[in-house]
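Residue numbering restarts at 1 for every chain, and letters A, B, ... go by the order of the sequence lines. These values consider heavy atoms only, across backbone and side chains, with no hydrogens, waters or symmetry-generated copies.
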Number of protein chains: 2
Amino acid sequence: MTAHVVLNSPHLVRRANAAALLRAVWDARPFTANDAMAATGLTRSTALALCDHLADLGWLSELADARAAGEYSKGRPARRYAFRPTAGLLLGLDAGQNRITAVVADLRAQVLAHGVARLPRDNLDPQIRRDGVGRAVHLALTEAGAHEDDVLAAVVGVPAPTDRHGASPPGEDGYWARMNPDLRSVLSRPGRTVLVENDANLAAVAEGAVGAGAGSTAFAALLAGERLGAGLMVDGHLLRGRAGGAGELRMLELVEGVGSSLGLGPVARELLRQAADAGRLAADSPLLGEDGVQELFRAAAAHDPVAVEVVEALTDRLARVCAAIATLLDLELVVVAGAIATALGPLTAAVTARLERYAHPPLPVVVASRLGADAVGVGAVHRALELVRADPLGFDVAGRGHAPAH
Amino acid sequence: MTAHVVLNSPHLVRRANAAALLRAVWDARPFTANDAMAATGLTRSTALALCDHLADLGWLSELADARAAGEYSKGRPARRYAFRPTAGLLLGLDAGQNRITAVVADLRAQVLAHGVARLPRDNLDPQIRRDGVGRAVHLALTEAGAHEDDVLAAVVGVPAPTDRHGASPPGEDGYWARMNPDLRSVLSRPGRTVLVENDANLAAVAEGAVGAGAGSTAFAALLAGERLGAGLMVDGHLLRGRAGGAGELRMLELVEGVGSSLGLGPVARELLRQAADAGRLAADSPLLGEDGVQELFRAAAAHDPVAVEVVEALTDRLARVCAAIATLLDLELVVVAGAIATALGPLTAAVTARLERYAHPPLPVVVASRLGADAVGVGAVHRALELVRADPLGFDVAGRGHAPAH
DNA sequence: CCACTAAATATAGGCAGAAGATTTACCGTC
DNA sequence: GACGGTAAATCTTCTGCCTATATTTAGTGG
């Protein structure tokens with residue numbers, strides 16, 4: 001006979017109702033008691049009492065102006081309230097291998113400021129990463145004119161699997177553990193919720209919230225950097241697995257015509273090197289340079305035979321990858337994200353077309369992310385928002401620039 | 001401003017608490033108010049009032065006997081209640097291609113009776129399947145001495161993907177649609193909840209509830225019949241996907257060394273046929289007969305070279321399949337289920353051992369199901385149980401052999 | 001200045017649950 | 001067979017949340 005949650009106090013009822021009202025009003029324009037009544041089904045007196053209560057707590061502001069918005073004008077003017085998106089702040093971080101980005105956003109996930117900390121090229125010292133996180137956060141908060149105490153929830157994306165508690169397994173040669181040197185504790189503050197999450201998972205959250213996956217219930221965000229990784233959203237849930245390893249794509253080693261989880265950049269470089277070795281590419285070709293991938297698509301568009309061949313190989317590879325993942329999970333969409341995504345725009349249509357060779361209808365669609373390099377940070381902010389929205393009254397908001405109505 | 005659920009009436013609070021209490025005592029021995037208080041945190045008066053209420057509704061019986069169980073004997077004897085597992089019945093069906101099985105169970109998922117309807121060998125007429133369902137249900141209910149009205153929830157497993165509403169896409173050549181000819185409507189009755197679900201998914205539910213997956217939060221049930229299909233349980237959720245196709249294994253066509261989603265039986269038959277064609281197997285070998293697969297393992301155990309070779313090929317194939325699925329989703333376990341499962345017991349250890357060739361630590365474990373041919377039906381019953389437990393007070397139970405206390 | 005209107009406020013009542021006093025139904029024991 | 005002791009049931013009182021239904025209020029337009 002295990003314990004079960006019950007409402008053993010009227011106070012709990014009120015709290016649940018207040019949270020429901022707050023969620024209903026979160027994204028709304030200024031609203032009146034009538035709106036609150038419609039959204040919750042509560043009586044006017046109760047709705048008003050809850051609004052006043054939420055205003056006392058700092059979640060809502062009562063707008064002095066009664067019928068300012070000229071919304072009609074018979075009868076006694078309605079009291080108007082508005083959700084205060086700056087009642088608290090959200091912090092989203094992308095703790096990449098060489099760079100840490102912090103994003104400060106309000107309670108509607110509107111980005112207010114950024115902060116970036118570059119890390120030394122070959123660093124694996126945990127303290128350097130931890131310091132970098134602190135630096136990026138400080139920069140972002142300063143730019144936003146905000147204070148550490150204003151942050152209700154912080155979420156960090158790391159290039160490693162993470163379990164429910166934000167811990168990463170060591171991984172081979174301890175790479176994962178080095179990427180996630182207990183970043184949770186760096187960000188922890190009293191009254192603040194902190195979560196460490198896999199970066200591809202956060203990219204998926206971002207795509208689902210404001211990207212190509214909005215409205216979709218089954219899709220993947222394919223983070224295409226040096227190695228491929230995926231965030232899997234199925235039935236509206238982010239998949240985690242035993243130890244957070246869901247979406248790790250080592251299974252691609254078993255997929256015919258793919259053979260590894262290498263990202264598109266490394267594969268392109270390798271193919272171009274092979275062409276050079278075979279004498280089909282001049283040793284000083286721009287395709288072999290730093291910006292090889294950008295050059296590659298330009299050259300393919302200009303019908304350079306080697307470039308066309310390589311791009312076709314990449315298309316085929318990506319189609320196989322997407323087919324394998326999407327078929328097993330019945331996804332309707334694969335969003336290719338990461339730094340390389342913008343360059344891949346032209347590729348995705350070709351990939352989608354090629355899917356019919358490797359998958360069966362209904363075929364998924366492959367698109368490039370429009371969120372750019374910020375995908376992980378934005379996803380982190382949205383994840384933080386979910387945490388706050390899930391139980392807003394669990395967060396203390398009173399401090400922030402608000403004088404409670406006594 | 002979308003509508004949100006609120007507790008706008010004391011009645012709702014009471015209902016929620018009653019449901020919580022009921023869930024807490026669902027699997028308990030006879031219990032007293034003290035037990036109920038401990039499980040819910042409510043006061044004695046409230047707990048007793050709720051128990052009486054639930055007894056009135058027919059969910060609990062009050063045991064006349066006060067301190068019969070000799071559980072101590074100072075003070076005023078406690079009133080004792082017990083959950084009534086027969087307050088309503090659950091119906092689980094396995095609507096296979098050639099055979100329909102119905103299982104009747106009580107509210108603790110204890111199986112009370114079976115009913116089987118065999119279908120003509122080559123039938124695809126929807127009406128024949130629908131009639132078969134009715135026949136199997138009638139047989140099972142009769143054996144249980146029960147009536148249609150006693151069934152609170154029914155769940156059917158079909159060999160086809162199903163969406164949230166129990167509908168199946170037509171599939172190529174309409175096979176799926178024929179396997180699921182609106183079975184929902186056949187079982188529908190006023191006051192009864194009906195659900196149509198993919199059979200592999202139900203096998204996964206069964207394994208998670210009473211099979212090898214009990215306690216595991218990320219595992220797959222691999223239904224190994226003529227074709228492979230999987231039910232995927234990740235983070236405690238059954239994966240569905242866009243149209244219920246999650247766990248369809250056509251992606252195996254892309255996996256090296258696998259190449260198709262054919263089950264082990266067909267592959268074994270094909271390998272044996274090839275051996276026979278090559279003259280390595282006598283044309284009258286028992287391995288080529290009806291019970292080939294059973295024979296195969298026996299022969300391999302006796303070091304028959306052809307049999308050993310085929311079993312090794314099957315081991316390798318299964319290891320690749322499990323590695324691909326388990327790696328993508330970070331599963332800790334793959335349970336091989338289906339009619340063939342019992343024969344596969346000896347194979348699974350070899351498969352688990354071979355996984356290290358195709359996957360990386362932490363490696364999943366592969367085991368054979370111990371649930372036998374009933375896995376789908378049992379899973380269906382457990383799924384039905386979930387439906388009832390989720391909101392027990394939404395079901396009317398009063399009728400069944402119980403005189404409410406006026 | 002007066003109806004009219006729509007919203008805010010005030011008042012009363014129902015109901016769930018807590019808290020604590022009291023009663024009850026047993027057990028020993030003398 | 002009356003007498004404490006005990007643990008649970010029951011009774012009484014109280015608080016808080018919500019509904020329902022007046023009543024008041026702050027405006028508009030004639």
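Between W59(A) and F83(A), the ring-plane angle classifies as parallel under the 30° and 60° cut-offs.
Considering only the side chain of R44(B), dA8(D) comes nearest among dA8(D), dC18(D), dA10(C). For P77(B), whose side chain is taken as the heavy atoms from C-beta onward, the closest listed nucleotide among dC26(C), dC18(D), dA7(C) is dC26(C). With dC18(D), dA9(D), dT9(C) as the candidates, the nucleotide lying closest to the side chain of A78(B) is dA9(D). Residue S45(A) places its side chain closer to dA10(C) than to any other of dA19(C), dA10(C), dA7(D). With distances taken from any side-chain atom of P10(B) to the nucleotides dA16(C), dG17(C), dA25(C), the minimum falls on dA16(C). Between dG17(C), dA9(D), dT9(C), one nucleotide has an atom nearer to the side chain of L48(B) than all others, and that is dA9(D). Checking dT25(D), dT24(C), dC18(D) against the side-chain heavy atoms of N8(B) singles out dC18(D) as nearest.
For the pair F31(A) CZ and dA7(C) C1', the computed distance is 15 Å after rounding to whole Å. Rounded to whole Å, atom P of dT25(D) lies 16 Å from atom CZ of R79(A). Taking atom CG of L7(A) as the reference point, atom P of dA16(C) lies 13 Å away to the nearest angstrom. Straight-line distance from the CZ atom of R80(A) to the P atom of dG27(D): 14 Å, rounded to whole Å. Atom P of nucleotide dG16(D) and atom CZ of R15(A) are separated by 18 Å, given to the nearest angstrom. One can place CG of L42(B) at 13 Å from P of dA16(C), the figure rounded to the nearest angstrom. The interatomic distance linking L50(B) (CG) with dA16(C) (P) rounds to 9 Å, in whole Å. Here dA26(D) presents its P atom at 5 Å from CZ of R76(A), a figure rounded to the nearest Å.
With R184(B) contributing its side chain and V194(B) its backbone, the two residues share a donor-acceptor pair below 3.5 Å. Side-chain N or O atoms of D35(A) include one that pairs as donor or acceptor with a backbone N or O of T32(A) at under 3.5 Å.
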Pair V234(B)-V234(A), side-chain contact (heavy atoms from CB on, under 4.5 Å): steps then yes or no: CA-CA 10 Å; V234(B) 182; V234(A) 181; over 6 Å; no
Where do D27(B) and R389(B) land on the salt bridge (Lys or Arg N to Asp or Glu O under 4.0 Å) test, with the steps shown first? CA-CA 11 Å; D27(B) 295 307; R389(B) 270 188 82 137; 3.2 Å; yes
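Comparing T43(A) and N34(B) by the nucleotide of DNA chain D whose heavy atom lies nearest to each, the residue mapping closer to the 5' end is N34(B). Taking for each of A33(A) and N17(B) the nucleotide of DNA chain C with the nearest heavy atom, the 5'-most of the two is the partner of A33(A).
Residue A49(A) is classed as having no contact, given no heavy-atom separation below 4.0 Å to the nucleic acid.
For dC18(D), the OP1/OP2 oxygens have a side-chain nitrogen or oxygen of R14(A) closer than 4.0 Å. Contact annotation: T46(B) side-chain N/O to dA18(C) OP1/OP2 distance is under 4.0 Å.
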